[in-house]
Amino acid sequence: MTGHVSFIVLVLLGGSDGNPVAPHQSQLEKPLQTFRPYNIAHRGSNGEIPEETAAAYSRAIEEGADFIETDILASKDGHLICFHDVTLDATTDIADRAEFAGRRRTYEVERANVTGWFVVDFTLSELKSLRVKQRYIFRDQQYNWKYKIITFDEFIMIALYADRVVGIYPEMKNPIFINEHVKWSGGNKFEDKFVETLMKYGYKGEYMSEDWLKQPLFIQCYAPTSLIYISNMTKSPKLLLIDDTTVRTQDTNQSYYDITSDDYLKFIRKYVNGIGPWKDTVVPPENNYLRPPTDLVARAHALNLQVHPYTFRNENSFLHFNFHQDPYAEYEYWLSKIGVDGLFTDFTGSLHKYQDWTAPHQMKAKNAEALLYQISYMLKDDGY
């Protein structure tokens, strides 16, 4: 990962209050590709390196990610950090830290009691003292305990210091829970601090605008009211995340079955540019075999909503039997048959290789194979 070591060092040594930076000219000479579905690095290249770390994001950029994705939570003292779980138990060394033994708590999270060491009970300084590990034991363990939790500011700087234009894809994680436990001055909410951070670094503009193409951004959240709340603060594109249809939203207590209805999609499209559904919601499985796909993608596209399903993982334990243990077959199915607009993947390099084989990057004179792929993709999107 030598290509990005310099900016990783800069980010890690610079702290979370570094001066905002803008894309440099050499970066703008290598723009974001927009002619094929987006390769979204889910928590970085976390199939290889512990999730949500500077190294995982650096690796994802090296491997060709269009966007690096992260989950944003808040510390006890109001700093925004990149971390997936509201508890620290699964991916940090918190259990080995005797000084924090008395911090375990039980809180209600999305209508269920959860016990553990909660992010919201620790200051940024305390969180920075922890080290992280790989979530899954069947993945490479050599990077365990080498990396720290990073802040939202540091995450943004990783993208802005890349050697090409790289988009960011942050999630407002558990906003109801965060606003219950973390308070900011002036009556500000988690959502306010989230947007304030993005604007500080110059993220603005509607999808495909000149400003957006310089600093691409998608904002994601499972809570529709949070997306509606920030719609008056920023025109940046937003996606509503969608869980299993039986799960209920954390804010409005609606089932995601209701959320995926035509009426609700027509309502929410006033505030969002797309949806990010769990892939089994789009194509439900039975006994690990895929059943016929739902019409969710077609209905979303009819409303001019993008569809970015999650999460694509290479390991056999995550692949449906239809794909015969071949992650490339899964990519082919979702990109060619289902026709989605982007994929959240733990293995950025695999998706990038697949797309370069099937839809090579455009040059000044378009590659014929890439042009044919574009035409076929547009025809599929129009129902042909």
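Remember, it's a predicted structure, so these values are computed and weren't measured experimentally. Residues: numbered from 1 along the sequence shown.
Between Leu217 and Pro170, the shortest heavy-atom contact is CD1-CD, 3.5 Å. Here the closest heavy-atom approach between residue Tyr310 and residue Asp243 is recorded as OH-CA, 3.6 Å. The heavy-atom pair separating Ser226 from Pro175 by the smallest distance is OG-CG, 3.3 Å. Thr348 and Gly64 get closest at one heavy-atom pair: CG2-C, 4.2 Å.
A donor atom on one side chain and an acceptor atom on the other are found under 3.5 Å apart for Asp77 and Ser75. No side-chain N or O of Thr123 forms a donor-acceptor pair with one of Ser125 less than 3.5 Å apart. For the residue pair Asp346 / His42, a side-chain donor-acceptor distance below 3.5 Å is found, with atom types taken as modelled. Looking only at atom types and distance, the side chain of Asp258 has a donor-acceptor partner in the side chain of Ser255 under 3.5 Å away. For the residue pair Tyr222/Asp251, the side-chain donor-acceptor check at 3.5 Å is not satisfied. Between the side chains of Glu48 and Ser45, a donor-acceptor pair is found at a separation under 3.5 Å. When only modelled atom types and interatomic distance are considered, Asn314 and Ser350 share a side-chain donor-acceptor pair under 3.5 Å. Between Asp140 and Gln134, the side chains place no donor N or O within less than 3.5 Å of an acceptor N or O (distance only, hydrogens not considered). Between the side chains of Thr246 and Asp244, at least one donor N or O sits under 3.5 Å from an acceptor N or O.
Listed for the Asn273 side chain is a donor-acceptor partner under 3.5 Å among the backbone atoms of Lys238. Of the possible donor and acceptor atoms, none in the side chain of Arg269 sits under 3.5 Å from a partner among the backbone N and O of Tyr264. Within the 3.5 Å criterion, the main-chain N or O of Pro37 finds a donor-acceptor partner in the side chain of Gln355. Judged by distance alone, the side chain of Gln306 and the main-chain N or O of Asn304 form no donor-acceptor pair under 3.5 Å. Counting only distance, with no hydrogens or angles, the side chain of Asn179 and the backbone of Phe190 share a donor-acceptor pair below 3.5 Å. In terms of modelled atom types and a separation under 3.5 Å, the side chain of Thr345 and the main chain of Phe312 share a donor-acceptor contact. Side-chain N or O atoms of Arg105 include one that pairs as donor or acceptor with a backbone N or O of Gly102 at under 3.5 Å. Counting only distance, with no hydrogens or angles, the side chain of Lys279 and the backbone of Thr311 share a donor-acceptor pair below 3.5 Å. Ser58 places no side-chain N or O within 3.5 Å of a backbone atom of Ala54 that could act as its donor or acceptor partner. Judged purely by atom type and a 3.5 angstrom limit, Gln33 uses its side chain to pair as donor or acceptor with the backbone of Phe35.
Cluster annotation: Met233 is connected to Ile268 through the hydrophobic network of ILVMFWY side chains, with a link wherever side-chain heavy atoms come within less than 4.5 Å. By the criterion of side-chain heavy atoms lying less than 4.5 angstrom apart, applied directly or through intervening Ile, Leu, Val, Met, Phe, Trp or Tyr residues, Phe323 is not grouped with Tyr289; the two fall into different hydrophobic clusters. Transitive grouping of hydrophobic side chains (ILVMFWY, heavy atoms separated by less than 4.5 Å) keeps Ile176 and Val114 in distinct clusters. Both Met208 and Phe67 sit in one connected hydrophobic cluster of ILVMFWY residues. Membership requires side-chain heavy atoms under 4.5 Å apart, directly or through other members. In the hydrophobic clustering of this structure, Phe318 does not group with Val282; members are Ile, Leu, Val, Met, Phe, Trp, Tyr whose side-chain heavy atoms approach within less than 4.5 Å, directly or through other members.
Ring-plane geometry between Tyr354 and Tyr328 is classed as parallel, the angle between the planes falling under 30 degrees on a 0 to 90 degree scale with a further cut at 60.
For Tyr256, the ring-ring contact (aromatic ring centres under 6.0 Å, His included) test picks out no residue, with sequence neighbours left out. Qualifying side-chain contact (heavy atoms from CB on, under 4.5 Å) partners for Met199, counting only residues two or more places apart in sequence or in other chains: Val195.
Cation-pi check for Arg131 over Trp145 is not met; the charged atom does not lie both under 6.0 angstrom from the ring centroid and within 45 degrees of its normal.
Residue pairs meeting the side chain to side chain donor-acceptor pair (under 3.5 Å) criterion with at least one member in residues 180-189: none, sequence neighbours excluded.
Contact annotation: the side chain of Arg291 never approaches that of Pro285 to less than 4.5 Å [non-hydrogen atoms, C-beta and beyond]. In this structure, Leu88 and Phe83 have side chains that are in contact, with non-hydrogen atoms separated by less than 4.5 Å. Looking at heavy atoms from C-beta onward, Glu171 lies in side-chain contact with Leu241 at the 4.5 angstrom threshold. Taking the side chain as every heavy atom from C-beta outward, Leu343 and Ile40 never approach each other to under 4.5 Å. With a 4.5 Å cut-off on side-chain heavy atoms, Val340 and Leu335 count as touching.
The line from CG of Asp71 to SG of Cys221 is 10.5 Å long, rounded to the nearest 0.5 Å. Distance check: Glu315 CD to Leu319 CG gives 8.5 Å after rounding to the nearest 0.5 Å. Rounding to the nearest 0.5 angstrom, the gap separating the OG atom in Ser209 from the CD atom in Gln215 is 10.5 Å. We find the CG-CD1 distance between Asp153 and Ile81 to be 12.5 Å, quoted to the nearest 0.5 Å. Between the CG atom of Asn39 and the CD atom of Glu69 there is a distance of 12.0 Å, given to the nearest 0.5 Å. Interatomic distance, Thr260 OG1 to Arg299 CZ, rounded to the nearest 0.5 Å: 6.0 Å.
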Run Arg103 and Glu126 through salt bridge (charged side-chain N to carboxylate O under 4.0 Å, His left out) and show every step you take. CA-CA 12 Å; Arg103 301 275 192 97; Glu126 290 170 331; 2.7 Å; yes
Assess whether salt bridge (charged side-chain N to carboxylate O under 4.0 Å, His left out) is satisfied between Lys214 and Glu210, documenting all intermediate values. CA-CA 6 Å; Lys214 289 179 180 178; Glu210 183 178 350; 3.8 Å; yes
CA sep, side-chain torsions, deciding dist, call: Asp211, Tyr203, side-chain hydrogen bond (donor to acceptor under 3.5 Å, both in side chains): CA-CA 8 Å; Asp211 287 329; Tyr203 285 92; over 6 Å; no
Between Tyr136 and Phe138, does a ring-ring contact (aromatic ring centres under 6.0 Å, His included) hold up when you go through it step by step? CA-CA 5 Å; Tyr136 297 110; Phe138 48 80; 5.2 Å; yes
Assess whether ring-ring contact (aromatic ring centres under 6.0 Å, His included) is satisfied between Tyr169 and Phe344, documenting all intermediate values. CA-CA 10 Å; Tyr169 209 129; Phe344 290 85; 5.0 Å; yes
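Screening Arg139, Arg43, Arg59 against Glu51 for a salt bridge (Lys or Arg N to Asp or Glu O under 4.0 Å) leaves a single residue, Arg43. Partner Arg36 forms a side chain to side chain donor-acceptor pair (under 3.5 Å) with one of Asp341, Thr358, Asp356, Asp66 and no other, that one being Asp356.
Arg313 and Glu330 are not joined by a salt bridge, as no carboxylate oxygen comes within less than 4.0 angstrom of a charged side-chain nitrogen.
Checked against the 6.0 Å centroid criterion, the rings of Phe122 and Phe118 do not qualify as a close aromatic pair. Residues Trp212 and Phe218 place their aromatic rings such that the two centres sit under 6.0 Å apart. A ring-centre distance under 6.0 Å is not found for His79 and Phe152.
For Tyr257, the OH atom sits in a loose shell: 12 or fewer heavy atoms of surrounding residues, nucleotides or ligands are nearer than 6.0 Å.
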